[in-house]
Amino acid sequence: MYITASSSASSSIIRAASSRSSSLFSFRSFLSPSVSSTSPSSLLGRRSFGTISPAFRSLPRWSHCFHSKPSPFRLTTQIRAVSPVLDRLERTFSSMASEHPFKGIFTTLPKPGGGEFGKFYSLPALNDPRIDKLPYSIRILLESAIRNCDNFQVTKDDVEKIIDWEKTSPKQVEIPFKPARVLLQDFTGVPAVVDLACMRDAMNKLGSDSNKINPLVPVDLVIDHSVQVDVARSENAVQANMELEFQRNKERFAFLKWGSTAFQNMLVVPPGSGIVHQVNLEYLGRVVFNTKGLLYPDSVVGTDSHTTMIDGLGVAGWGVGGIEAEATMLGQPMSMVLPGVVGFKLAGKMRNGVTATDLVLTVTQMLRKHGVVGKFVEFYGDGMSGLSLADRATIANMSPEYGATMGFFPVDHVTLQYLKLTGRSDETVAMIEAYLRANNMFVDYNEPQQDRVYSSYLELNLDNVEPCISGPKRPHDRVTLKDMKADWHSCLDSKVGFKGFAIPKEAQEKVVNFSFNGQPAELKHGSVVIAAITSCTNTSNPSVMLGAGLVAKKACDLGLQVKPWIKTSLAPGSGVVTKYLLKSGLQEYLNEQGFNIVGYGCTTCIGNSGEINESVGAAITENDIVAAAVLSGNRNFEGRVHPLTRANYLASPPLVVAYALAGTVNIDFETEPIGTGKNGKDVFLRDIWPTTEEIAEVVQSSVLPDMFRATYESITKGNPMWNKLSVPENTLYSWDPNSTYIHEPPYFKDMTMDPPGPHNVKDAYCLLNFGDSITTDHISPAGNIQKDSPAAKFLIERGVDRKDFNSYGSRRGNDEIMARGTFANIRIVNKLMNGEVGPKTVHIPSGEKLSVFDAAMRYKSSGEDTIILAGAEYGSGSSRDWAAKGPMLQGVKAVIAKSFERIHRSNLVGMGIIPLCFKSGEDADTLGLTGHERYTINLPTDISEIRPGQDVTVTTDNGKSFTCTVRFDTEVELAYFNHGGILPYVIRNLSKQ
């Protein structure tokens, strides 16, 4: 399936063998604590596939049964010849069920024609009526707890807590959860592999076996975050952008390829294959695992917040910090608060011309208003039958934007149809359906539905969904199309904020004339300069992608043309999209409008929009124009898409094309024409907008199962640039001290086997004082490296030319650059700067204005602690572990906020930073805190005296004191804090085994 540094066939053996052994290891819950803590890991530590016989290099790849291949049992026989260790593990497996606390419900799932699919833990066999009322999403947690119950990591009490969910979830009880697999993308994957490599070194220094640092669950890493839109509007854009991608990222890619061979059970999807979440949806998602005859639901945690897209397939998945994902890889159970579940009933049917993007933006706004942070959302109701799997995945994808841990769609007949469409075999789909029906995890809307209990309820009639977009600075600021023009003028009038630009009335109609490649051009406030069909949210949905093609075709037929100075791009989430756009004949018309394919990756949605033309950039900056970007993405925070687009709107792919044609967001599509046709008549949006029936017809004729099979068979072969990368075979990484991409981080410097214990915060200075909605885009290094930033200075001092700076995301494997890029967002607003916007702060003792990094280093060098004050929703946005690692490296000891985003709070704990919440109704302003005070946080020095969620007193040097809640939410998080973070905790535990 994937390309690694060794031959593809030998890698397939490694994956198959690793999958078996790691799955067996995951059954350590069958064993007594004493056995589980030694036997499997010691066996795995001695495994070696470095001398695989050439006889096995012709074995076919492990895949999703796209073609005839040996069964897992035949392949097991072949693998056995490679490693006798697996025989011992298999014998261990055969005795597991007899020792399991829930062995009484371990039963066989028969095949309709005879034989069996495998064995499973049967929830109905518990004969507990409470289970019948559980939300489907909670049943997945329950099955996992039962399967992994060993009365050590997972206890019978944990199982009872989940069964009694209706009563226990309001009490915020803690449960362990062991996901079936981990998903990475390259931006977060590189630091994860760096950390694993560094942990191996730490194990060595502690005198332990470094091979204990190995993923124990399947890990898939998709390289999709590195491609930039350097070249657009060109037939050669894909090849040109990929060549530049490899030039910039050769060292990173080689490092990841090294990781795929140095670590067992880790596989890498090469660049140019697609967007991680679309690949996960179309190919990687199992729905139900069949691991050597043991059946259980697929579940996944990923280091990208939009891992939730897989929830649309009925797979429980959500984003976690890279730090937490690394612990999961190493066999640690996730500690989580048993979540409440919001039941979201869908009724009716969407009107003609309304898209899935319109629906998800509506749902996002509703759920933000309802408040779903830390909760599951489960969708149900008669309206489900009218939603395609792709529509469901679009809604699930934006769970981070509406704040939920996940937006879950239980498996039903629509799911099964999608699995067949995407090339999963009939036998696999039959196994999935049989298992889920047998375990009461399948929804059949043809049968009477038993009422399930939810924590709260919402309902949406799909007929009420209207065409809309969101912006200009936040995903949940939805604006209906009919109100867009009025809303735009309101934004120009309003003071600077999430919905304001404070443009004086007399300047709002300003027209800037300039020359673009010798042609006359003009810009106004609201002029579109970037129009991008991009992002996993929408490019996985054939209806909106083909809908965009139909809009382009109708526009071409009427003689409309996108202005040449608008940077247009199309970045599909997988090669399947290209195949159906070509088969439909619609790619030709997208090309005519400038939407040539630029690459297969996230591109503009994550800030990899590339440069805009110099003349356009000069017209914007020299005249203070509020230029706009319109993209089919999921994030539009200020400064994310491009430094020069202050207004950024999320829209469906067809609307991206429409706004590109109009050339402005300052338009009422109902009453104003998009342009003038070749016959001299006005052309309105309604003239080029396809009907639902038109879209359905082209989807039906153009999206075929063979496209999925062909696409995912071809990515296993990699591409010539990837295949040429050569990497060393060492299991310990040889760090290059001169590398500006990969650097050994200092996390485990001077580490000993003794935990350091809790740290107090005494007389700390305030490094930054923030208001509400500070996102991980503000905190962590993202986008381009600004020429006058500390990171740029660091690179220049090491001989890196400005043109080779690359993005922060591409340099996440170098802690020295990332620490300098933390809080370097050009749009950041720090109250200490009294209205001055940008990445600076005041060094309190001297009163100097410095870059945040320089101020932090001055505090650190003088031995002073620092803290951060913040408002509500601190850390919202992408789940970037560097938003926690960076502040830790800058010396931040605590963050005091009104509220935290779920993943970011977890990441802060994972890096040893104390998260504290002001009491309800209080914040820095109401308490009269300016940030010029010095802060002492009085925590007990004995970890046993600290409790999850307890109150602590914070005092200042001017006599003020106030009470905060310590946001260590579980006992496990307290253990992490005691060890100085999650990774030192894991190292010490593994060293003892």
Side-chain angles (χ1 to χ4, degrees), residues 305 319 321 368 373 400-401 403 472-477 496-500 607 635-641 643 646 648 766-783 808 818-819 821-842 851-853 855-856 866-890 892-909 911 913-918 922-927 929-931 935 964 967:
S305 54
R368 291 285 296 200
V373 172
E401 281 67 45
K473 301 180 185 181
R474 295 189 298 186
H476 54 280
D477 289 333
V496 173
F498 296 122
K499 294 287 288 185
R635 297 275 166 82
N636 57 342
F637 302 124
E638 192 172 13
R640 178 185 178 96
V641 174
R646 278 190 272 171
N648 301 280
C766 177
L767 180 64
L768 294 151
N769 184 3
F770 292 131
D772 295 341
S773 296
I774 291 296
T775 71
T776 52
D777 281 340
H778 292 114
I779 306 167
S780 66
Y808 278 115
M818 298 303 281
T822 300
F823 299 115
N825 188 296
I826 61 172
R827 303 292 182 192
I828 203 165
V829 178
N830 172 17
K831 294 179 183 179
L832 293 176
M833 294 298 293
N834 294 322
E836 184 179 334
V837 177
K840 290 190 175 183
T841 193
V842 175
S851 73
V852 176
F853 175 78
T866 55
I867 59 102
I868 291 171
L869 297 175
E873 300 176 339
Y874 183 77
S876 57
S878 300
S879 58
R880 296 195 177 116
D881 54 344
W882 274 111
K885 289 179 177 177
M888 185 276 288
L889 291 173
Q890 289 186 355
V892 174
K893 301 300 183 185
V895 178
I896 310 174
K898 288 177 69 175
S899 63
F900 292 91
E901 191 274 338
R902 177 183 63 86
I903 300 175
H904 183 62
R905 185 206 59 79
S906 172
N907 279 349
L908 290 174
V909 174
M911 292 311 297
I913 296 175
I914 306 169
L916 301 105
C917 277
F918 291 107
E922 295 182 349
D923 59 22
D925 292 339
T926 63
L927 293 169
L929 303 174
T930 66
Y935 297 80
C964 288
R967 287 298 310 276

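- Between Q890 and T866, the closest side-chain pair of non-hydrogen atoms is not below 4.5 Å.
- Looking at heavy atoms from C-beta onward, L889 lies in side-chain contact with W882 at the 4.5 angstrom threshold.
- For the atom pair CG (D772) and CG (D923), the distance works out to 7.5 Å, reported to the nearest 0.5 Å.
- Side-chain contact between L869 and K831: absent, with no pair of heavy atoms (C-beta onward) separated by less than 4.5 Å.
- Shortest non-hydrogen contact noted between M818 and P781 is O-CG, 3.3 Å.
- Within the 4.5 Å cutoff, the side chain of R640 has no heavy atoms near those of the N648 side chain.
- Although no hydrogens or angles enter the test, the distance criterion places a donor-acceptor pair under 3.5 Å between the side chain of S899 and the main chain of E873.
- Taking 4.5 Å as the limit, some side-chain heavy atom of V842 sits within range of a side-chain heavy atom of M833.
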V852 and T822: CA distance, side-chain angles, deciding distance, side-chain contact (heavy atoms from CB on, under 4.5 Å) verdict = CA-CA 8 Å; V852 176; T822 300; over 6 Å; no

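- In this structure, K473 contributes its side chain and G500 its backbone to a donor-acceptor pair below 3.5 Å.
- Note: E922 CD to C917 SG = 12.0 Å, rounded to the nearest 0.5 Å.
- Residues L768 and K840 come closest through the heavy atom pair CD2-O, 4.4 Å.
- Residues F823 and I868 are in side-chain contact: their nearest non-hydrogen atoms beyond the backbone lie under 4.5 Å apart.
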Inset, instruction - Kindly determine whether E401 and R635 satisfy salt bridge (Lys or Arg N to Asp or Glu O under 4.0 Å), including the steps that lead there. - result: CA-CA 8 Å; E401 281 67 45; R635 297 275 166 82; 2.3 Å; yes

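- A distance of 9.0 Å separates CD1 in I867 from CG in L916, rounded to the nearest 0.5 Å.
- Between S773 atom OG and K898 atom NZ the span is 10.0 Å, to the nearest 0.5 Å.
- Separating the CE atom in M911 from the CG atom in D881 is a distance of 8.5 Å, to the nearest 0.5 Å.
- The two residues I913 and A884 have their closest heavy-atom pair at CD1-O, 3.7 Å.
- Residues N825 and E638 come closest through the heavy atom pair ND2-O, 4.2 Å.
- The side-chain heavy atoms of V895 and F900, taken from C-beta on, include a pair separated by under 4.5 Å.
- Taken to the nearest 0.5 Å, the OG atom of S876 stands 9.0 Å off from the CZ atom of R474.
- Within the 3.5 Å criterion, the main-chain N or O of N769 finds a donor-acceptor partner in the side chain of N830.
- When all heavy atoms of C766 and L832 are compared, the closest pair comes out as O-CD1, 3.7 Å.
- Within the 4.5 Å cutoff, side-chain heavy atoms of F918 are placed close to those of L927.
- Closest approach of I779 to P887, counting heavy atoms only: CG2-CG, 4.2 Å.
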